[in-house]
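The next block holds one structure in the form of structure tokens; read it before the comments.
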There are 2 protein chains.
Amino acid sequence: MVDRRGAGDEVVTTAAAKRSADAAESAADVRERARAIPEAAVARLAVYLRVLSGMAEQGVTTISSEELAGAAGVNSAKLRKDLSYVGSYGTRGVGYDVEVLVSHIERILGLTRKHSVAVVGIGNLGHALANYGGFPSRGFPVAALFDIDPDLTGVPVGGIPVNHIDDITSVCAEREVSIGVIATPPQAAQAVCDRLVSAGVQCILNFAPVVLQVPDYVEVRKVDLAVEMQILSFHVARRADEAAGDVVNGVGVDGVVIRP
Amino acid sequence: MVDRRGAGDEVVTTAAAKRSADAAESAADVRERARAIPEAAVARLAVYLRVLSGMAEQGVTTISSEELAGAAGVNSAKLRKDLSYVGSYGTRGVGYDVEVLVSHIERILGLTRKHSVAVVGIGNLGHALANYGGFPSRGFPVAALFDIDPDLTGVPVGGIPVNHIDDITSVCAEREVSIGVIATPPQAAQAVCDRLVSAGVQCILNFAPVVLQVPDYVEVRKVDLAVEMQILSFHVARRADEAAGDVVNGVGVDGVVIRP
DNA sequence: TCAACTTTGTGCATCCGTTCACAAGCGGTA
DNA sequence: TACCGCTTGTGAACGGATGCACAAAGTTGA
């Protein structure tokens, strides 16, 4: 927690930096700024945040855009532009203060609040999610589990007893669930989604391989293994096609026969 | 290939359509076309494919761009453009033949070949992946499992015995693994990735929350739960901020003061 | 055969995100 | 203090994806 600006009352830590930022910028500015951040940039900010957290743990106090970009797998111009959406918190000629940057990204990502999570569908994946340690430690406590199987009701998984799916509305309201995770078979996903929405959940992470139909005000993110595999498959095929094409001309692009 | 269409001789349709397509178009054309498909469109093609498969199972033989777009959650113009990357296989005034479209998308996505998958890291997630039925049925047989824990070696998971990670090179080569799935703790991910790459695996699906460094010729896709959750968190926060903005003007959107 | 109707395929304009390039700003040094 | 070198922050150019709008092409029915 060493502060690089040695000049004066430097007990300025994360919280203090945050407060001064809030003071310098009106709430409306922050709002306007957040609204304007491209979705792709938000995803990268989350990655930067993890890298920065790792840096902080290793005692790094300052980092340049070049270094951070390298660690995050992007180019430095993009990184600086992404950070500029958050605000101007770097020091020219020096770089960024790791702690300060962490706190500002957390603020923009809304990580200063707790977001209670409900997992629906306690099969293989649901178990894995309920036991996944990464959630609570990052501000996403798993507050409820649901399944349609009555035999599972009451059984604790990852320390939390499973509720029957029929209780979803009351339990979600009571525990202030803001994010619902759907890990059910595809046939059940839309119905579960509808129930979550009517329970007031406005953000859904969907692992079921279906396209959910939701009202406009509900945000859905999809994690689809089959799609990911098929994208990889596409690249395998394209690569093989290119190799075949190049081989027709005798040798590979770089003069070497690829996978002979 | 496993035939998921239950209707008897339907594999013939697929194969025949493919053959005629290959005849109508030179291999170079197909290659050129595949090279030009935007990544975003590839992801959507995989979604269309699933929707179409479902339609086929329900006995639907023909579908219009409007219907398919609705089911896939995109607008019809985008859908038609995406399909135009694959080729012109619709009938004006009618729509698309479901079977034909399925076979052409499968061809473009490279699903006419088998892609053997290796899963590394047999923890909660690894178990879920090994037992996930969606892979084999869609042409992605899980051919190998690896873990660093010697106690797991030889134990069958999802019908496949776990190998020790030290055997990764030989086993991957022997079983012609083309896609590696990393489900290890983050600390181990880069080392595992390096081993997969040196074993000749060129496509990697990474569930570990780290940015993998790989040679240019290796394709990596990342599934990052923390990032997904944080993106949702951002939207929760943005929404709350917007509501708060309304509060500045008096009361919240629904007449309730948020965070008083 | 022809006209009316439906739906595809695509050129074009637009928008959004990425990249480039450099001025502005800061710390260090003499 | 004045200068030098380094790094940020951002205006502007660029490129790629999206959405519109319509001609082309096929079907249906008389």
Side-chain angles (χ1 to χ4, degrees), chain A residues 2-8 10 21 24-25 29 32-45 47-48 52 60-98 100-101 104-105 108 231, chain B residues 21 24-25 29 33-45 47-48 52 60-98 100-101 104-105 108 231 234:
Chain A
V2 178
D3 193 78
R4 73 202 144 61
R5 293 179 235 93
E10 297 311 317
E25 245 183 343
D29 288 342
E32 214 30 59
R33 172 163 291 169
R35 203 194 309 270
I37 303 182
E39 188 85 5
V42 173
R44 287 190 297 268
L45 283 172
V47 174
Y48 306 153
L52 287 167
V60 178
T61 58
T62 296
I63 193 168
S64 72
S65 64
E66 205 71 44
E67 290 173 283
L68 182 52
V74 301
N75 75 45
S76 64
K78 194 190 287 187
L79 177 122
R80 286 199 302 276
K81 178 134 297 196
D82 288 345
L83 293 184
S84 79
Y85 293 127
V86 175
S88 301
Y89 304 116
T91 306
R92 292 167 195 236
V94 177
Y96 300 88
D97 181 287
V98 173
V100 169
L101 205 46
H104 283 292
I105 295 177
I108 287 287
I231 293 171
Chain B
E25 250 184 336
D29 288 342
R33 172 163 291 171
R35 202 193 310 267
I37 303 182
E39 186 85 6
V42 173
R44 287 191 297 269
L45 284 172
V47 174
Y48 305 154
L52 287 167
V60 177
T61 58
T62 295
I63 193 168
S64 72
S65 63
E66 206 71 44
E67 291 174 282
L68 182 52
V74 300
N75 75 43
S76 64
K78 195 190 288 186
L79 177 123
R80 286 199 300 277
K81 181 141 293 192
D82 287 344
L83 293 183
S84 79
Y85 294 128
V86 175
S88 301
Y89 303 116
T91 306
R92 294 169 193 233
V94 177
Y96 299 89
D97 182 287
V98 173
V100 169
L101 206 47
H104 283 291
I105 295 177
I108 287 287
I231 293 170
F234 170 79

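The model shown is predicted, which means the values in this text are computed figures rather than measured ones. All chains are named by letter (A, B, ...) in the order of the sequence lines, taking the proteins before the strands, and each is independently numbered beginning at 1.
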> Rounded to whole angstrom units, what separation is found between the NE2 atom of A:His104 and the P atom of D:dT8?
Replying inline: 16 Å

> For B:Leu68 and B:Leu101, what are the C-alpha separation, side-chain angles and deciding distance, and is it a side-chain contact (heavy atoms from CB on, under 4.5 Å)?
Replying inline: CA-CA 11 Å; B:Leu68 182 52; B:Leu101 206 47; 4.3 Å; yes

> Does the side chain of A:Tyr85 come within less than 4.5 Å of A:Val42's, by heavy atoms?
Replying inline: no

>> Nearest whole Å is fine: how far is D:dG16 P from B:Tyr85 OH?
In response: 11 Å

>> Mind checking if B:Ala77 touches a base, just sugar-phosphate, or nothing, with heavy atoms under 4.0 Å?
In response: base

> Are OP1 or OP2 of C:dC26 and a side-chain N or O of A:Tyr96 less than 4.0 angstrom apart?
Replying inline: no

>> Using the side-chain heavy atoms of B:Arg80, tell me which of these nucleotides is nearest: C:dT8, C:dG27, D:dG19.
In response: C:dT8

> Whole Å only: how far is the CG atom of A:Leu83 from the C1' atom of C:dT18?
Replying inline: 15 Å

> C:dT19 phosphate, OP1 or OP2: any side-chain N/O from A:Asn75 under 4.0 angstrom?
Replying inline: yes

> For A:Ser65 and D:dT7, is the shortest distance between a side-chain N/O and OP1 or OP2 below 4.0 Å?
Replying inline: no

> Rounded to whole angstroms, how far apart are CG on A:Leu68 and P on D:dT7?
Replying inline: 14 Å

>> Checking A:Leu45 against A:Leu83 for the side-chain contact (heavy atoms from CB on, under 4.5 Å) test, could you report, in this order, the C-alpha distance in whole Å, the side-chain angles of both residues, the deciding distance, and whether it holds?
In response: CA-CA 8 Å; A:Leu45 283 172; A:Leu83 293 184; 4.1 Å; yes

> Can you tell me if the side-chain N/O atoms of B:Arg44 get under 4.0 Å from OP1 or OP2 in D:dT18?
Replying inline: yes

>> Without decimals, in angstroms, what is the distance between A:Asp82 CG and C:dT19 P?
In response: 10 Å

>> What verdict does the side-chain contact (heavy atoms from CB on, under 4.5 Å) test give for B:Tyr96 and B:Glu67, after you've listed the backbone C-alpha separation in whole Å, the side-chain angles of each residue and the deciding distance to 0.1 Å?
In response: CA-CA 10 Å; B:Tyr96 299 89; B:Glu67 291 174 282; over 6 Å; no

> To the nearest Å, how far apart are B:Glu66 CD and D:dA21 P?
Replying inline: 14 Å

> Would you say C:dT7 has OP1 or OP2 under 4.0 Å from some side-chain N or O of B:Tyr89?
Replying inline: no

> A:Glu67 has an atom CD; how far is it from atom P of D:dT8, in whole Å?
Replying inline: 9 Å

>> Quick check on DNA chain C: between A:Lys78 and B:Thr91, whose nearest nucleotide comes earlier from the 5' end?
In response: B:Thr91

> Would a 4.5 Å heavy-atom cut-off, applied to side chains only, mark B:Val100 and B:His104 as touching?
Replying inline: yes

>> Without decimals, in angstroms, what is the distance between B:Glu39 CD and C:dG17 P?
In response: 17 Å

>> At less than 3.5 Å, do the side-chain atoms of A:Arg92 and the base atoms of D:dT7 form a donor-acceptor pair?
In response: no

> To the side chain of B:Lys81, which of D:dG19, C:dT8, C:dG17 is closest?
Replying inline: D:dG19

